[in-house]
Each structure stands twice: as structure tokens, then as C-alpha cells.
Amino acid sequence: RYIYIADNMNNRTVRVKDRQWKCITGCTGKTGSGMNQLVKPTSLHFDSQGNLYVTDEKNYRVQVFTLKNTGCRK
């Protein structure tokens, strides 16, 4: 299982599993209002489809990141 964190001080969200950290959103290293940027994310939520909703506090919005299915098909 993964743990997802709204990393408020680093303006990103991260995923952790078995001590392996991976940036999920806001990974540019720069704050802003672009589609891939966050400023002070405060909370996150997944819907039943796996889409990620991030409260982007200083941009006064909720960012939605849609699920990208990269699974293998036979």
C-alpha cells in the first residue's frame, strides 16, 4: 500500500511505499498556477475512479489529476 502526502512546504504531493518516495504532482520545483504546479497543497482525496483531487490553498482551487492507466493488456 501507498501513503500519499500533501507536502505543503515543498508545494507538491508525494507517494511513499517501503521507504521509496516519489513525487506525484507539483514536481517542477517551482510554485505557480500552471496545471502541473501547486502552491501550499493542504489535503488530497481519491474518487472511486482513482482520480486525485488536491486542495491548492494559495491558488484558491482544487486541482484534479486524472488516473492514467498504464496497466498491461493481454
Worked check of side-chain contact (heavy atoms from CB on, under 4.5 Å) between Thr31 and Leu38: CA-CA 6 Å; Thr31 62; Leu38 300 168; over 6 Å; no
Are Lys40 and Met9 close enough that some pair of their side-chain heavy atoms sits under 4.5 Å apart? yes
Flag, side chain of Thr66 to backbone of Asn51, donor-acceptor distance under 3.5 Å: no
When clusters are formed from ILVMFWY side-chain contacts under 4.5 Å, directly or step by step, what else is grouped with Val14? Ile3, Ile5, Val16, Trp21
Backbone N or O of Arg61 within a donor-acceptor pair of the Asn59 side chain at under 3.5 Å? no
Flag yes if Tyr2 and Phe65 sit in one hydrophobic cluster, no otherwise; membership is Ile, Leu, Val, Met, Phe, Trp, Tyr, and two members link when side-chain heavy atoms are under 4.5 Å apart. yes
Contact check, side chains of Lys30 and Gln37, non-hydrogen atoms, under 4.5 Å: yes
Between Pro41 and Ala6, the two heavy atoms sitting closest are O-CB, 3.9 Å
Val64 versus Leu52: any side-chain heavy-atom pair under 4.5 Å? no
Answer whether the closest heavy-atom distance between the side chains of Thr55 and Leu44 falls below 4.5 Å. no
Could you pull out all residues at least two apart from Tyr4 that satisfy ring pair (Phe, Tyr, Trp, His ring centres under 6.0 Å)? Phe46
Under 3.5 Å, is there a donor-acceptor pair between the side chain of Gln63 and the main chain of Met35? yes
Is the shortest side-chain heavy-atom distance between Asn8 and Thr42 below 4.5 Å? yes
Thr25 and Asn36, any side-chain heavy atoms less than 4.5 Å apart: no
Quick one: does any side-chain atom of Asp56 pair with a main-chain N or O of Val62 as donor and acceptor, under 3.5 Å? no
I'd like to check Cys27 versus Arg12 (side-chain heavy atoms, cut-off strictly below 4.5 Å). Are they in contact? no
